[in-house]
Structures are given as structure tokens and as C-alpha cells.
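Down below is the structure, laid out as C-alpha cells.
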Amino acid sequence: MPELPEVEVVRAGLAPAVTGAQIVGVTVHDERALTRHTGGAAEFEAALTGRSVRAAVRRGKFLWLPLEPTAAGAAPAREALIGHLGMSGQLLLRAPGAAPERHERVRIDLHHPVHGELCVVFADQRTFGSLAVDRLVPTSDDAPGGYGWGEASVPAQVAHIARDPLDPAFSDRAFRAALGRKDTAIKRVLLDQTTVSGVGNIYADEALWAARIHPGTPARALSARAAGRLLAEVRAVLEKALAEGGTSFDEQYVNVNGEAGYFAHSLNVYGRQGRACPRCGTPIVREAFMNRSSHRCPRCQRVRAGVRR
DNA sequence: AAACCCACCTGATCGC
DNA sequence: TGCGATCAGGTGGGTT
């Protein structure tokens with residue numbers, strides 16, 4: 001469920017707490033939380049115990065904690081602990097020995113040289129999220145791999161994820177060129193994380209509404225002007241949502257302290273079917289799209305809006 | 001090769 | 001009260 005703003009809230013909360021801390025204990029309660037990890041629970045625990053965390057980094061909806069190399073004698077592989085929250089994952093900062101969270105899957109105990117003991121709990125109702133230890137590989141463009149760390153590396157399994165639109169190394173020109181080659185609906189391109197990352201169902205609908213583009217518009221039919229407008233609106237909605245702490249409909253999405261964000265109050269179309277479009281008053285419609293839903297204004301976002309002929 | 005579908009899960013809600 | 005259908009913020013593997 002979390003999209004870029006929610007994941008960034010988590011990264012920003014984790015960073016000051018875990019940077020420089022050493023992992024002193026790992027408990028896997030449910031192996032389904034390791035679907036992105038190649039080994040089993042015991043191997044995961046062993047791979048992390050004793051390692052120190054160097055940073056908290058994010059690209060799109062993926063988070064990772066780069067780790068100090070293992071002690072002398074072991075293979076000097078550069079590795080990171082990856083986290084993906086899936087639809088319902090949470091990373092929570094708790095006091096050592098804190099009572100188990102609902103849906104707690106993994107607990108990581110750390111020792112920070114300044115702040116002392118703390119624990120990071122991974123809780124996830126639907127189990128689509130997961131943690132993994134993965135090796136870091138160089139980025140193909142030599143730019144930093146994500147937000148939060150200057151090193152030009154990404155976990156191997158994140159290498160296929162595109163940069164997100166808030167990344168300084170994101171290329172607007174390459175994005176517009178890529179749209180011209182896509183034989184599919186613009187909303188599919190926004191949701192597929194290999195052209196632009198970080199956008200999910202909520203912010204795709206919000207950005208398309210703001211740019212007055214129908215979600216089913218063929219990507220390559222968008223004029224350069226419409227594509228530029230869309231990208232600007234994607235950035236605007238992601239930044240505004242981030243400033244408001246993300247979108248929380250219930251207790252599912254929370255920051256590392258368990259607190260909800262406020263952006264749900266600022267939604268213009270998502271989940272507002274039947275209510276007036278804030279721009280023109282026409283009732284918002286909800287339509288089936290890719291086994292989920294799209295929300296749009298039938299007047300502001302007509303099929304041909306923004307289409308070049 | 002790009003585009004598309006669907007499985008992977010738990011839980012809340014709604015209509016009957 | 002129960003019970004089935006539907007819905008929920010994502011991703012990746014398998015199939016066309």
C-alpha cells in the first residue's frame with residue numbers, strides 16, 4: 001500500500017536511528033517475510049548478526065540499509081538489508097523487549113553507540129512485503145543509487161527499478177522518449193516501476209487528474225507538452241503527500257513511530273467516486289482497471305484529452 | 001521483446 | 001449471526 005511518500009517517511013524515520021548501529025539480534029517469526037531473500041531464516045539471521053548499518057536509502061518504493069563489510073576472513077561482498085513494504089508492511093522503531101506487534105514477522109535488535117539499544121520491527125498483514133540480504137552492484141549511470149546515501153550502488157534485485165521522479169538523476173528527457181515507445185495506457189506506465197518508480201494507484205490517479213489526462217490514454221499518444229505536464233503533476237503530488245506525512249486511510253500506513261499521515265484529506269479523486277470533482281463539480285467515477293480501480297473526472301479527463309493526432 | 005494476467009495473502013465491509 | 005463476494009496503497013513470474 002505504501003507508495004513513494006509513505007516509504008520516504010519510513011526511510012527518514014529509520015535513518016537517524018539505525019545509521020551507525022550494529023545488529024545484535026535477528027528473530028524471524030514468519031518466513032513469508034523473506035520471500036525476496038535467497039536463503040532461509042537461519043541463514044538470514046546469521047547474515048545480519050554483528051553487521052553495522054551505514055545508511056538508510058530509498059529508490060521508488062524500495063528501501064535498503066547498506067551494511068559494513070563482514071569481519072576479516074569472510075567474503076568482502078558489499079551487501080545491504082533490503083525492505084519492501086508491499087501492500088501492508090510497516091517498519092517500526094521500538095524499545096528493546098517491546099511487546100509483539102500485530103502481524104509482526106521479523107524483529108531486529110540493534111545497538112547504537114550513542115542512542116543505545118533499539119529494535120526495528122517488520123510487521124505486515126498481507127505478507128506481500130519482505131526483507132532480504134542482497135549484494136550491492138554499481139549503478140549503470142554512476143549516479144547515487146537512491147536517496148539517502150551518496151554511493152553509486154543498488155541492491156542487485158533493485159537494479160531493474162527505474163529512478164523515481166524526485167531523484168536528481170532522473171532524466172525527464174529519457175522519460176518523455178520512453179513514453180513515445182510505449183504501446184500501452186499511460187496509467188500502466190506509471191504503475192510499472194521500470195520507466196518511473198515510486199508511483200502507485202493513489203498517486204497515479206491523483207497526478208492524472210491534476211494533468212487532466214485519461215488513465216487509458218495510449219502513452220505514445222501524449223504530446224510532449226502533456227507528458228511534461230504529467231511529470232510535473234506527479235512530482236507535485238508526491239512532494240505534497242510527503243510534506244503531509246503520506247496517505248493513511250486506517251492504521252495500516254504509519255511512520256516508524258506508528259503515526260498516521262494527513263494527505264488523505266488532500267485527495268481529489270482517489271476513493272472519491274460519486275463526489276464532486278473539485279475542479280468542475282462533475283461526479284467522480286470509479287472504473288475497473290488492471291484488476292484494480294481508477295478514479296477520474298469524466299469531464300476533466302476525457303479519452304482524447306492531451307492526445308496528439 | 002514488450003505487454004498482460006494473475007497469483008501471492010489477510011482482513012474489513014457490505015448485501016443477503 | 002453468518003457467509004460469500006468484493007475490495008484494499010504492489011510485485012514478479014509465466015504466458016502470449
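Sequence lines set the chain letters: A, B, ... in the order given, protein chains first and strands last, and positions in each chain run from 1. Only heavy atoms go into these numbers, but all of them, side chains included; no hydrogens, no water, no symmetry mates.
Protein atom OH of A:Tyr253 is 24 Å distant from nucleotide atom P of B:dT10, rounded to whole Å. Rounded to whole Å, the distance from CD1 on A:Ile82 to P on C:dG10 is 19 Å. Regarding A:Asp124, its CG atom lies at a distance of 13 Å from the C1' atom of C:dT11, rounded to whole Å. Across the protein-nucleic acid pair, A:Arg292 atom CZ and B:dC5 atom C1' stand 12 Å apart, rounded to whole Å. Here the C1' atom of nucleotide C:dT6 and the CZ atom of A:Phe289 are 20 Å apart, to the nearest Å. Going from atom CZ of A:Arg59 over to atom P of C:dT11 covers 14 Å, rounded to whole Å. Atoms CD (A:Gln252) and C1' (B:dC9) sit 12 Å apart, rounded to a whole Å. In this structure, CD of A:Glu104 is placed 17 Å from C1' of B:dT10, rounded to the nearest angstrom.
For B:dA1, neither phosphate oxygen OP1 nor OP2 lies less than 4.0 angstrom from any side-chain nitrogen or oxygen of A:Arg181. Look at A:Lys61 and you won't find any side-chain N or O under 4.0 angstrom from OP1 or OP2 of C:dG9. A:His103 has no side-chain polar atom (N or O) that falls below the 4.0 Å cut-off from OP1 or OP2 of B:dC9. One finds no side-chain N or O of A:Arg126 lying less than 4.0 angstrom from the OP1 or OP2 phosphate oxygen of C:dG9. Residue A:Ser293 has a polar side-chain atom (N or O) positioned under 4.0 Å from OP1 or OP2 of C:dA8. The side chain of A:His160 contributes an N or O atom lying less than 4.0 Å from OP1 or OP2 of C:dG12.
In this structure, a donor-acceptor pair under 3.5 Å is present between the side chains of A:Glu104 and A:His29. Donor-acceptor pairing under 3.5 Å is recorded for the side chains of A:Ser130 and A:Arg36. In the model, A:His103 has no side-chain atom that pairs as donor or acceptor with a side-chain atom of A:Asp124 under 3.5 Å. For the 3.5 Å distance criterion, the side chains of A:Tyr203 and A:Thr247 qualify, holding a donor opposite an acceptor. Counting only N and O atoms by type, the side chains of A:Ser266 and A:Glu244 include a donor and acceptor under 3.5 Å apart.
In A:Phe289, the CZ atom is crowded: over 12 heavy atoms of neighbouring residues, nucleotides or ligands sit closer than 6.0 Å.
Closest approach to the A:Met87 side chain among B:dA3, C:dA8, B:dC9 is made by C:dA8 (side chain taken as heavy atoms from C-beta onward). Here B:dC6 is the nucleotide among B:dC9, B:dC6, C:dT11 with the atom lying nearest to any side-chain atom of A:Asn291. Of the candidates B:dG11, C:dG9, C:dT11, C:dG9 carries the atom nearest the A:Phe249 side chain, counting heavy atoms from C-beta on. Side chain of A:Gln125, nearest nucleotide from C:dG9, B:dG11, B:dC9: B:dG11.
The pair A:Glu101-A:Arg107 does not count as a salt bridge, with every side-chain nitrogen at least 4.0 angstrom from each carboxylate oxygen. For A:Lys61 and A:Glu6, the salt-bridge test fails: no basic side-chain N is under 4.0 Å from an acidic carboxylate O.
Backbone-only contact: A:Arg32 has heavy atoms under 4.0 Å from sugar-phosphate atoms and none from a base. In this structure, A:Phe263 reaches neither bases nor backbone, as no heavy-atom distance under 4.0 Å exists between it and the strands shown.
Here A:Phe128 does not count as stacked on C:dT11, because the ring centres are not under 5.5 angstrom apart with planes under 30°.
If you check C:dT16 for Watson-Crick or wobble pairing at under 3.5 angstrom, you find it paired to B:dA2. The base-pairing partner of B:dC9, taking Watson-Crick or G-U wobble contacts with both distances under 3.5 Å, does not exist among the strands shown.
Contact annotation: side chain of A:Arg36 to base of C:dG12, donor-acceptor pair absent below 3.5 Å.
Only A:Thr184, A:Arg188, listed by number, bring a heavy atom of residues 184-197 of chain A to less than 4.0 angstrom from any atom of DNA chain B.
Note: A:His160 and A:Phe62 have perpendicular aromatic rings, judged against thresholds of 30 and 60 degrees for the angle between ring planes.
Distance noted for atom P between C:dG14 and B:dC9: 15 Å (whole Å).
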